[in-house]
Amino acid sequence: MVAQAVALFPGGAQSKMNLRKSIGVLLQAGLQAAQDTGALPAFEVPADIPVEPGRHAAHGDYGSPVCLGLARVLHQAPIRIAQAVAEHVPAAPFVARVEAVAPGFVNFTLDPAWVAAQVPDILATGERWGSVSEGEGQRVQVEFVSANPTGPMTVHATRNAVIGDVLARVIEAAGYEVQREYYVNDAGSKVRHFGGSILSRYAQLFGADIPFPEQGYPGAYVTEMAQQAADAFGDRYLAMDQAEAVRELGRWGIDQILKGVEEDLALLGIRFDNWFSERSLYESGLFGEMMARLAAGGHIMQRDGATWFMHPDLDKDAVLVRSPQVIDNPEDRPTYLASDIPYLWNKLVVRGFDKAIYVWGADHHGDVPRVKAAAKAVGLDPERIVIILYQMVTLLRGGEEVRMSKSSGEFVTLRDLLAEVGPDPIRFMMLARTVDVTLEFDLDLAVEQSDRNPVFYVKYAHTRIAGVLRHAEEQGWDPESVGDAALLTHPSELDLIRKMLSLPEVITLASTNMAPHHLTSYATELASLFHVFYRDCRIVSNEPGEADLTRARLMLARTAKSVLARVLHLMGMTAPERM
RNA sequence: GCCCCUGUAGCUCAGUUGGAUAGAGCACUGGCCUCCGAAGCCAGUGGCCCGCGUUCAAGUCGCGGCAGGGGUACCA
């Protein structure tokens, strides 16, 4: 045993690493030490050591299969390697036992006294508990929602909003500097179609007949907007040139819609640092610069009077950038890709973000290779682009799917959901699945305030602790007193603390995998372990001789409450004192 | 046709990048409040779409099927 204490996990606010990684570092040291003493032949210590939480009590708290993989390189039985490593792992204050177990796992058991001693640190760290420094201050941008501003937020866009927002929160907790941006698609033909739709309805109010655009927006909200326009502006748009009226009403309409989107998102607890106009990419001349840059690189081709983008990575020979069907304004008919290229340049070069994260519905998956190819073509590293694709949402009501169709203008909006369900269940339900699966959103379940609804389980644990703390105060206990953590020795107490100690790992996992759904399962597990602790351990005891234990348990309860609040807030949910 | 996602318990889903005995909620059955919030806890029933392959080890990787959803460039 190498007599070298390793301060890998200082705990508290200074904690920059998670326990799993610390165990990995210990294993690396053990692998090296075993070679140095000749217990193992020389080989290169792997840079990345797999460590995972033990799934069964017999496996300890963490285990690593690294020696199973080394068996081939070293031409030795994995169990022999594991034994050699286990003997050479340096001592660390948080590890009580290191064992080699057949067929070749190295298992670690945390020291219970160390575990208990972390409680005051976690409590003192408060809402910063769980933060890690993976990001090392890198500046990243998360662009999300970015729904067309031609109609209210749909449930599909709501999933986007929740994923993007929670991702941003998690990435911040992982040590990145994050900007949240909404990309406003205010260029192109849809503004015209939208403006034309409003104008047509508007004209009807004055008894005039302006045909409804073929690709117009039929929803009832358009008619309501026309009424608002009539109230605010009178009939002035009938007097002016029709194309001009379409343009002005289109821009006015977009502003109205965006205001509504901003309000609805605020009710969900989501705000953006920046709203970025697509049109500005054309007005600033950046689009032209990018086209010139692409042309210089031989990536532009003219065909049928249109402009096409070419790149060897594409499965098609070329992708349309700009259409020949230009009328008066040449910027009116760009394609999606056209603005995406200058936008990307703006993010990564002009504004200098280290990474650009996009949250897209899976129906856009076909655009991924194009944007990556465009990045390469203008000389940007495609690794700096991270695109999260999430699958569709289906709504259930009364056990049946609610059919939605944007073309008919009939769809359930975020505003409907907020009125019917409220922000917390929306967020939890939208978050509880991986982005890769179609989300089934059960409206009846979401509104149901019962034990069938998982949303309330976590919040209930928080309020339950709040209730216990209130009770303690009524009994004369000082809720702020710091107890003696060494008295926390019950298995249910230690299980609860170990779960709290693993929050940094969850944040690392969710951030590196861009998988915010891990938070929901963590929150549920943490709540569950509190309930078990509550069942097994009387917190507030007036028995003589149990005053110190009560103080210690009150401290643990407050700590659990703090960590629960931290997780709820990472998910953008409230942590109520009563419910 | 081609591309992407999915297929795990009766239902809805996890499964920490290939590890040890595959987990949770709901539903169903039975138990637990004269003491801190029973929106809670405990116990029981029950599962990896099919085939081949890679590997010491496959729910996880590869190939081929089957099934469902999405996309397929002038709407973005």
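Note on naming: letters A, B, ... go to the chains in the order of the sequence lines (proteins, then strands), and numbering restarts at 1 for each one.
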What about [X], does its side chain sit under 3.5 Å from the base of [N] through a donor-acceptor pair?
{"X": "A/Arg55", "N": "B/U21", "answer": "no"}
{"X": "A/Asp363", "N": "B/A76", "answer": "no"}
{"X": "A/Arg578", "N": "B/G37", "answer": "no"}
{"X": "A/His365", "N": "B/C3", "answer": "yes"}

Side-chain donor-acceptor contact under 3.5 Å, A/Thr438 with A/Gln391: no

Distance below 4.0 Å between A/Gln391 side-chain N/O and B/G70 OP1 or OP2: no

Phosphate contact (B/G69 OP1 or OP2) by A/Tyr390 side-chain N/O below 4.0 Å: no

Pairing pattern in dot-bracket form [Watson-Crick, G-U; both distances under 3.5 Å; | = partner strand] for RNA chain B: (((((((..((((.....[...)))).(((((.......)))))....(((((..]....))))))))))))....

Plane angle bin for A/Tyr183 and A/Tyr343 - parallel if under 30°, tilted between 30 and 60°, otherwise perpendicular: parallel

Distance between C1' atoms of B/C74 and B/A14 (Å, rounded): 42 Å

B/C48: syn or anti, per glycosidic angle within 90° of 0: anti

Criterion salt bridge (Lys or Arg N to Asp or Glu O under 4.0 Å) on A/Asp424 and A/Arg427, from CA distance to verdict: CA-CA 5 Å; A/Asp424 281 355; A/Arg427 297 190 75 123; over 6 Å; no

